[in-house]
Amino acid sequence: MTAPATHSAATSAARRLPLPGFIDGTLLTLVAAAIILWFAPSGMGRYGTYVLSLWLVMSVAVMGLNLTLGYAGLKSLAQAAFMGIGAYATALLTSKVGLNWYASFAISGLITFAVGLVLGFPALRVKAHYLAFVTLAFSTLIWLILRNEQWLTGGVFGLSNIPRPSFFGLKLDGALAFHRFVVVVTFLLAVVLWWMIRSPWGRAFTALRENPIRAASLGIDTRMYTLLAFAIGSAYAGFAGALYAPLVEFIDPSPFSLSQSFFLLLMVVAGGAGYLLGPFIGALLGVVLPEWLRFAGSLYLIIFAAIVMLLLIACPQGMSGLLERGWNRLTGKKEGAR
Amino acid sequence: MAEFLAYLIAGIATGAIYALAAIGFTLVWQTSQTINFAQGEFVMLPAVLVLLAIKLFGAPVWLGALIGIAAFILIFGVGFKLAVVDPMIRHGVLPLAIATMALSIIMKEGAKDGFSAEAQKFPSFVPTETISVFGAAISLQHVAIIAVAFAVIGLLQWFVGGTRLGRQMQATAQNPTVARILGIPVERMVLLTFVINAALAVVASVLISPIYLAKFSNGEVIGLFAFIAAIVGGFNQVRGALVGGLIVGIVDSMAAAYISTSYRLAVPLVLLVIVILVKPEGLMGRKEERRV
Amino acid sequence: QDKVKLVDVVELSGAGATAGTNWKNGIDLAVADINAKGGILGKQIEIVHYDTQTNPGNTRAAVQRAIDEGTYAVLGPVFSGPIGASMQIAQRAEIAQLVGGEAAGLTKQGNQYLFRTSLSQSAAMPKIAKYLKDTIKAGSVAVVWVNNDFGKGGRDAIIPELEKAGIKLAVDVSTEQGQADFAADAIKVKNANADAIFVYLNEEESARFLRAAKQQGITKPMVGETTLLGAKVIELAGDAANGVKGHVGLSIDAPIPAFQEFGKKFQAKYNYASDHNGLKGYMAVHMVKWATEKQKKFDKKGVADTLRGATIKTSDEPGILIETTIEKNGDLDRESFLAEVKDGKQVITATLPKINP
Amino acid sequence: MTTPILELDGVVGGYGAMTILNGTTFKVPRAAITTVIGPNGAGKSTVFKAIFGLLKVREGHIRLEGQEITNWNQRRLLEAGICYVPQGRNIFPELSVRHNIELGAVAAGSHITDMPRRIEAALDRFPSLRAKADVQASTLSGGQQKQLEIVRGLLLDPKLVLIDEPSIGLSPMMVQETFDILKELRAKGVTILMVEQNARSALEISDEGLVLELGRTRMQGPAADILADPRVRQLFLGGAMTEAA
Amino acid sequence: MTEVLEVSNLHKAFGGIKAVNGVSFKVNEGEILGIIGPNGCGKSTLFNCILGQLEPTEGAVKLDGRDVTNMRPSELNKLGVSRTFQLLQVFPELSVRENLILAGQEHEGTMLSRFFGARDAGLSAKAEQMIGFFKLGHLADAKAGGLSYGQQKLLDAAMAFMAGPRLVLLDEPAGGVNLTMLGDVKERLRAINAEQGATFVVIEHNMDFVMSLCSRVIVLAEGKVLAEGTPAEVRANPAVIEAYLGH
Ligand SMILES: Nc1ncnc2c1ncn2[C@@H]1O[C@H](COP(=O)(O)OP(=O)(O)OP(=O)(O)O)[C@@H](O)[C@H]1O
Ligand SMILES: Nc1ncnc2c1ncn2[C@@H]1O[C@H](COP(=O)(O)OP(=O)(O)OP(=O)(O)O)[C@@H](O)[C@H]1O
Ligand SMILES: [Mg+2]
Ligand SMILES: [Mg+2]
């Protein structure tokens, strides 16, 4: 048997097509999806476009959580809080300081990355739920600060008139223009994550989830990788926040509360933890499904939660797992690797 | 001094409520190694079901109580185990914990849409008089809650750790495959866990709701504080709930008194972080197992 | 048959669910009434409710959707944060948005398309300060408020008024939305030993606070706004509500037959007593109806233009329940009441005139 | 061979789509020690799991004293007199050693009245467990954990013991002790089916030997014959090494 | 001869239990040292203290004369010290091949090169070689968690050799491994020892294995060194027979 130089996760599409070695099904899907999403809003109206953009923004936050939870196995209950930090940082920097969005985006990522590093220390204790507990506290503390420090954050009244960025002088104020901008940014972030997951870093992250003790004895700097996984995951939340603020053009503390962090967790697991495309499916369930369920009136939340629960009962690997199962059945493969 | 005492007693009274709600966390942890994120809703819902039964059947309070409680134990003890836990548990506890998050949404929204978005009075089975302890006021309801919390926790601590049945439940949680090999009726143990948990939630609900009123969103507040209490006290011991609950109650009360009220909520959380850094298994918790 | 579509964007879940549900029910009641009487200019109203989960992002999406779907006017939301998040959208589309928010800041942003359905806090608080000074004769007041946009707005509005009236702030107690336990807060208020206590909480928290206060043996007068004297509070707090006094903007117990009538209809349909949000929702629909009938056509932009600066009389539109003047900035002016709870009943003790009669 | 107590007849089973047991067939003589040997991954543990109902048998039959026990659940098998000590680490980490042991008697319900005495007797055989009777089981050393499992598995009065590589992690003295216990059980008429990689010592105390490869019985016969078989020595007993030692 | 590892007066107590109670010894470059002793005498705990998995209560560990007490396991490993575990420790959800690549990937290059470089960190060939040697070829793409006990044990050992270590601490490598395979493993250890000068410390209860492989043996009992010498000396020592070997 010859040793394929690549990871076993390379999908069959890549094996059949004569493509450069590093291209795999996931990347192709991402490219195709980006192209579709670029054109999708035509005829959807501003509202439809807005929902699509919101879906992508939430996907970015969920992608980050998927890295921490799905790959590295670190349970974080503060993803929404990190998103809040990013959103407020961007909102303040662009509307109060007058910095351009790109710099604010980078700073939001940096701040959340740094906070993630500090907060990650309790995670270094071997038992994983300590991180969950600490992030639970952190999440609520951040929410309190956002609410109480009115001089900075606008407190309960929030911050409004958050400007949208421009692109080389091109104004992105319109729903469609901004949507396309979101598509590009999300695509880039997804590709970076895709690359990371399939690099040796990704393998090391998985090792943290599977057996941190063995990993440490193999020279894997578990402390560094744990902090990295958590900080990068948090930075993605920061990036998501930096997109969220100009998308909604108004922020207040409520979308960054603990229950929203739970909601993001639900999305990760519903989409399929540890699958690269899982977050998009999860966020689709979390953001777009409720819109489709509007006909059900106030019952839609119950329906949504019930769907997630049934999904988990049917397949704990979430939608991605379910799709993979179906695909394998179609192609007659026995066992799929992640 | 009298002032301090008043805060202390108020804190203990509140703390007992948190303790009562937190037992569920520690019990479920010890007997199935999962976190039930719907625990707050478990405490919220029985009261709502009782009121619903009274409203639907026009039953007298005691009958309504019986119907509501039975329905709750059936749905969220037996039903939860059969419909959610059974298919999911073999995939590890993470999907299960996440499923309880979804469950909490269903319970909360269900209570709102199926019953009422408004808070409702809930009849008290304990006289509502207030007595004075060293000049500080405490209601008989709180006294009852303190007594019940102590009794239930003592009883459970004994049951889980001191009886063979309790140890079989623990064994099932710690290593279901081996439990099966030894002939422990694993299914029955899991069922027992969830029924006991549901029954406890009912007790907590019936005692707490006359004070906190019955409202669909109560689970959030109660759940959060109970969770903090369980962590502070120690997740892997039932008695952790008691110690954690009382400490969190007192700290919360003192925070309201002597620290900025808008940051009151932060104080128990800071306490939680300190406990995790200093004694991660919680004040009363058992040390983690050997890993290498 | 041709219909006119109205979209209500409101908090049906999340922190605002209680208020939002009342608002929604009020609207449904109004729509049913109007449709039964032949609709607006002969067209039946088709009402759609979108839940915002009390989340500004969702609210914005829902308002956008409402406009994309061609709503005639936007109703809701009730909480000030989500209103702040969504008001520019209606403004950009030049569509009237009738909201339930009371925060003072909303109408200070020059938005020509935003309309309140109740008095703003900046209108109500001076009346309360005056009441505290003249009637209660309080030299110092403890302020207990809920730390959300509603409570914080009220607190920020009352404190300067107290200062102006020369009343001392004895203690400033913030509480959490949904807070269940008020024992420590009650002790704190008791120890402050103020002449009166101003309570600015949502209904349920008001009830819980009153019970805790009674338990701690607080005897000083409790003064509040609409949310302290509501039927719900009285029901939940029982004895503890007796003696509570304050200013009431909208109340089904006000000595105005139309209000009481509404209260009965609401009770009959939903099996519980409406709070002020139910009244607000009811009025919102009738404001749209009045404006349309006034301009005699379905012109979206015209609704806002017609409402701005108008005075709606009950003789023209009984559904407005009480004569209401809409100021240029979207604030309202109308009569309000001083009330007191006696033997488990809200009793109106005085009617306060409009600020600019 | 005396009448067999356990019979496997064309057993087929595996994990997911993978078949490991390809028609495994053998008989286990009564009141004797039978040792199963074979390369790593031959399916030895899988056979045990199949017998003990932990792996679904897709085809074939398993009989205990002529009675069909295929795919029975564990409780029934225990009641029928089979007990199973699996390979690897199989403790309840947070329970004390004594409580771990005591759980070995669950299946007996209240039939056994002398449980404390039995536990004491078991602890006497493994003194290092006695010293640790009240500590959390997870803190035991690897060998102590194995001792605990052996004690726990033998607490009842089984007819048939399935024991999977008991010697892993045990010191030579404890291996001897364990084998002595097995011999005593045999003397009492208990049948023992054991998997061992420590094959030489195991075959020495065994009556019967069985070689399993790729999920099939390659060879079965008196233990002494198996031990002496040159092919077996070469392929499974590490011929060169045993000679050198 | 140079000392690779020096352990001096090492203590480790868990509450009142003194698991390791003043152990000192030295390991010379190129040596194969055996450590034997009754169950629970502190062998694994000793390893865990040497390798930074546990914090010793007292005492010091030196590697090439440098104090490495309490150094983190990953850093020690980067210095060329690798180990195996007594209880199974693999990455169950990863394939055998991924397990092996993981075991070697941190030893070459930097964090950056591991991010931008090849997915397999250039280790596929090496992994293939290990897979071949430990006869796991048909299982290369199977999840490690689905391997049999002995196969996992072998994988664990293979992982310890992926990065070409110079000091390897093996905790019961023979347990559950088929004797024929074990013979091969032993030859392999000898070869690595001879060709690459790697040093081994082996905890084992399989006396045949210890006696034929080790050049020196240390016997522990109750956390202390009971005896030390060549295999033959130790085997004949009455105290060792009494405490450990049995008659
Ligand atoms: N849980 C499992 N999932 C998938 N495959 C498995 C599982 N357990 C065992 N296998 C496979 O089945 C085969 C037989 O395994 P088994 O454990 O029966 O071997 P064994 O003969 O007991 O080996 P050892 O001597 O190493 O214990 C092996 O190839 C193994 O990879
Ligand atoms: N975390 C711990 N807490 C308490 N006691 C412990 C802990 N770890 C080890 N011990 C005790 O320390 C002693 C030594 O254990 P260790 O695992 O080192 O033994 P060992 O020599 O490796 O034995 P074996 O040959 O059985 O593997 C044992 O008595 C064990 O119970
Ligand atoms: Mg085996
Ligand atoms: Mg050991």
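By convention in this document, chain letters (A, B, ...) are assigned in the order of the sequence lines, proteins followed by strands, and residues within each chain are numbered from 1.
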>> Heavy atom to heavy atom, less than 4.5 Å: which residues from residues 245-254 of chain A reach chain C?
In response: A/L247, A/V248, A/E249, A/F250, A/D252, A/S254

> Which of residues 145-154 of chain C have a heavy atom under 4.5 Å from any heavy atom of chain A?
Replying inline: C/N147, C/N148, C/D149, C/K152, C/G153

>> Report which part of C/E69 has an atom under 4.5 Å of a heavy atom belonging to chain A: side chain, backbone, both, or neither.
In response: neither

>> Report which part of C/L106 has an atom under 4.5 Å of a heavy atom belonging to chain A: side chain, backbone, both, or neither.
In response: neither

> Please walk me through it: do A/R46 and C/I67 pass side chain to side chain contact (heavy atoms under 4.5 Å, CB included)?
Replying inline: CA-CA 9 Å; A/R46 277 167 306 181; C/I67 290 166; 4.1 Å; yes

>> Once salt bridge (Lys or Arg N to Asp or Glu O under 4.0 Å) is applied, what residue pairs with a partner in residues 78-102 of chain A remain, sequence neighbours excluded?
In response: none

>> Pair C/D156, A/Q150 - check side chain to side chain contact (heavy atoms under 4.5 Å, CB included), show working.
In response: CA-CA 12 Å; C/D156 289 353; A/Q150 195 170 352; 4.1 Å; yes

>> Less than 4.5 Å to any heavy atom of chain C: does that hold for the side chain of A/R147, its backbone, both, or neither?
In response: side chain

>> Can you confirm whether more than 12 heavy atoms, excluding those of A/Y102, are under 6.0 Å from its OH atom?
In response: yes

> Of all the residues in residues 81-92 of chain A, which have a heavy atom that comes within less than 4.5 Å of a heavy atom in chain C?
Replying inline: none

> Which region of A/L144, side chain (C-beta onward) or backbone (N, CA, C, O), has a non-hydrogen atom less than 4.5 Å from a non-hydrogen atom of chain C, or is it both or neither?
Replying inline: side chain

>> What part of C/T54 gets within 4.5 angstrom of chain A, counting heavy atoms only: side chain, backbone, both, or neither?
In response: backbone

> Closest approach of C/A61 and A/Y50, non-hydrogen atoms and distance?
Replying inline: CB-CE2, 3.1 Å

>> If you count heavy atoms of other groups shown closer than 6.0 angstrom to NZ of C/K108, is the number above 12?
In response: no

> Mind checking whether C/R60 and A/L54 have side chains closer than 4.5 Å, heavy atoms only?
Replying inline: no

> Would you say C/N55's side chain and A/P255's backbone share a donor-acceptor pair under 3.5 angstrom?
Replying inline: no

> Got A/L301 and C/L12 here, is their nearest side-chain heavy-atom distance under 4.5 Å?
Replying inline: no

> If you count heavy-atom pairs under 4.5 Å between each of C/Q88, C/R65, C/Q109 and chain A, which one has the most?
Replying inline: C/R65

